Structures are given as structure tokens and as C-alpha cells.
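So the structure is just underneath, and the comments pick up after that.
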Amino acid sequence: MDAIENIMKRRSVRKFNKNQLVPESVVEQILRAAMNAPSANNKQPWDFLVIDDRTILDQIPNIMPNAAMCNEAPLAIVICLEQSRDKSPDYWQQDLAAATENILLAVHALGLGAVWVGAYPNQQKMAGLRKTFNLPEEVTPFSLIPIGATSVNQDDAKRFKSERVHRNKW
Ligand SMILES: Cc1cc2nc3c(=O)[nH]c(=O)nc-3n(C[C@H](O)[C@H](O)[C@H](O)COP(=O)(O)O)c2cc1C
């Protein structure tokens, strides 16, 4: 699959084959893609919490009902800000969003499925993640991505709208 096809055919996946574990080598490829994201001043302010313990995955929907699909996913990654590395305070959300999207695209390219589950700026969800995972004070959870093998078909959503494109002036 070429890069453009990968972008066009990536779709959110919320149903996973629970018992098909993601090999460690694939987890590392996904994390390498995440850390290859662009960031303001190249500060790379992120940390990644990898969750592959079935008992812990099953607890996540209790703290984040919007992450109910963790009941089925064999893997989830929480993308976090580590504040001491954040020297561009107005840009860290964009940095972490870029890392999150890189994960989604890498997962799709590797033949798996994933969905971006938002945490920041919802204080309740962030507090739940902070407590469950013993996140230190200087760490801010941003997003959570359940990942796994899937039989859900992913295809082009055909969202292009030429009227949304403005050229040279509005
Ligand atoms: C910031 C953000 C937060 C999101 N939060 C959730 C969520 O809590 N639960 C969920 O099922 N999907 C969530 N999504 C996924 C969107 O619903 C999905 O990307 C959108 O419907 C478009 O579908 P697609 O990803 O298949 O193109 C989120 C996406 C973004 C960018």
C-alpha cells in the first residue's frame, strides 16, 4: 500500500480480535512512527504509555466510557505530554496530535486497526487516566489509542469537497 492509499483508507476501528496479540516488534514499529512526528522546535515533548495487560485494558472503560472498545483491544497506547520537555507551551497539543495521527497511520499500514480516543482537555477523563496509571504531576495524558487486529473493512471515506478549497484569496 502506498502512502497516499494508506492515508485515504485509514478509518477508525472500534472492533478488535481480542485474542490476537500484537507482537512486540510491531509495537516498536508503531512507537518509532509516533516519535518520528514533527514537533514545534523539534522538542518531542511526548511520552507513551503502552498497555497490554488484559486486566488493565478491561478497567479503562470504567474511567473513560468513550474507550469502551478497550474491552476488546489487545493493546492501547496513551500519548502523554512530559511538561519538562515542553518548551513551546502553545504548541504541545499540536505536537501530540501529530504523534497520535502517525500512530493511526502506522497501525493501518501494518494491517491492524485503531481509533483516536480523546482525553485532553476533558478534566474528568484526564484525572481518571492520571489516577489509574499513577501518572506523575508533570505528565498530562492527551489521547488514548486502542489497537488490534480487526476484520472491520477500512476504505476511502470520500470526504473531498472542492468548495472547501480556496486559492490565492478567500
Ligand atoms: C480529537 C479526537 C477525539 C476523538 N475521540 C473519540 C472518542 O472518544 N471515541 C471514538 O470512538 N472516536 C473518537 N475519535 C474518532 C473520530 O470519531 C473519527 O476520527 C471520525 O468519526 C472520523 O472517522 P474516521 O477516523 O474513520 O475517518 C476522535 C477523533 C479525534 C480527532
Side-chain angles (χ1 to χ4, degrees), residues 1-18 22 30-31 33-40 44-51 56-83 86 88-133 135 139-165:
M1 193 187 306
D2 73 16
I4 297 295
E5 188 184 4
N6 191 54
I7 290 169
M8 299 312 289
K9 292 195 170 176
R10 178 217 57 82
R11 297 277 69 83
S12 292
V13 168
R14 300 177 178 86
K15 290 196 175 303
F16 303 99
N17 305 338
K18 190 172 184 171
V22 181
I30 293 167
L31 292 168
M35 293 187 210
N36 198 39
S39 60
Q44 305 166 42
W46 42 63
D47 266 65
F48 301 90
L49 174 64
V50 176
I51 306 157
I56 301 175
L57 286 162
D58 286 341
Q59 287 170 8
I60 293 174
N62 299 329
I63 53 168
M64 283 177 78
N66 57 329
M69 61 296 271
C70 285
N71 278 333
E72 285 187 353
L75 175 73
I77 298 176
V78 184
I79 293 89
C80 300
L81 167 73
E82 208 285 333
Q83 280 162 27
D86 175 29
S88 306
D90 293 335
Y91 288 113
W92 71 266
Q93 298 94 335
Q94 295 169 60
D95 299 341
L96 269 60
T100 302
E101 177 69 359
N102 267 20
I103 291 179
L104 296 182
L105 290 173
V107 164
H108 183 50
L110 290 162
L112 303 172
V115 58
W116 179 327
V117 177
Y120 179 89
N122 183 302
Q123 293 301 323
Q124 198 178 347
K125 288 171 185 156
M126 292 162 67
L129 288 170
R130 191 178 287 291
K131 188 167 174 219
T132 305
F133 297 109
L135 301 182
V139 171
T140 303
F142 176 75
S143 60
L144 179 147
I145 310 186
I147 298 168
T150 184
S151 44
V152 171
N153 187 35
Q154 302 183 59
D155 208 350
D156 188 340
K158 298 191 170 53
R159 292 181 185 141
F160 180 74
K161 294 182 177 70
S162 59
E163 67 273 21
R164 298 279 180 93
V165 181

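Predicted model only: the values in this text are computed from it and were never measured. All ligand and atom numbering here is 1-based and tracks the order in the structure.
Atom 15 (C) of ligand 1 is approached by the protein to below 4.0 angstrom, counting heavy atoms only.
With hydrogens left out, the protein atom closest to atom 4 (C) of ligand 1 is Trp116 O, 3.2 Å, a heavy atom. When hydrogens are left out, the protein atom nearest atom 9 (N) of ligand 1 is Asn66 O, 3.7 Å; that is the closest non-hydrogen contact. For atom 21 (O) of ligand 1, the nearest protein heavy atom (residue, atom name, distance) is Arg14 NH2, 4.3 Å. At the top of the distance list for atom 18 (C) of ligand 1, counting protein heavy atoms only, stands Ser12 OG, 3.4 Å.
For ligand 1, the atoms sitting less than 4.0 Å from at least one non-hydrogen atom of Val115 are 12 (N), numbered in the order shown with element in parentheses. Listed by number with element, the atoms of ligand 1 under 4.0 Å from a non-hydrogen atom of Arg159 are 22 (C), 23 (O), 24 (P), 27 (O). The distance from ligand 1 to the heavy atoms of Arg11 drops below 4.0 Å at these ligand atoms: 24 (P), 26 (O), 27 (O). Atoms of ligand 1 lying under 4.0 Å from at least one heavy atom of Met69, given by number and element, are 11 (O).
More than 12 heavy-atom neighbours from other residues, nucleotides or ligands sit within 6.0 angstrom of CZ on Phe48.
If you take CD1 on Ile77 and CD1 on Ile103, they are separated by 4.5 Å, rounding to the nearest 0.5 Å. Rounded to the nearest 0.5 Å, atoms OG1 (Thr100) and CG (Leu144) are 10.0 Å apart. Atom CG of Leu57 and atom CG of Asn71 lie 9.0 Å apart (nearest 0.5 Å). From Leu112, atom CG reaches atom CG of Leu104 across 12.0 Å, with rounding to the nearest 0.5 Å.
Of the polar atoms of Val117, none of the N or O atoms is found under 3.5 Å from an N or O of ligand 1, judged by distance alone.
Asp47 places no side-chain N or O within donor-acceptor distance of the main-chain N or O of Cys80, the cut-off being under 3.5 Å. Looking at Arg130, its side chain does come within 3.5 Å of a backbone N or O of Val139 through a donor-acceptor pair.
Using a 4.5 Å heavy-atom threshold, the side chains of Phe142 and Trp92 count as touching.
Within the structure, ligand 1 has Arg10 among the residues with a heavy atom less than 4.0 angstrom away.
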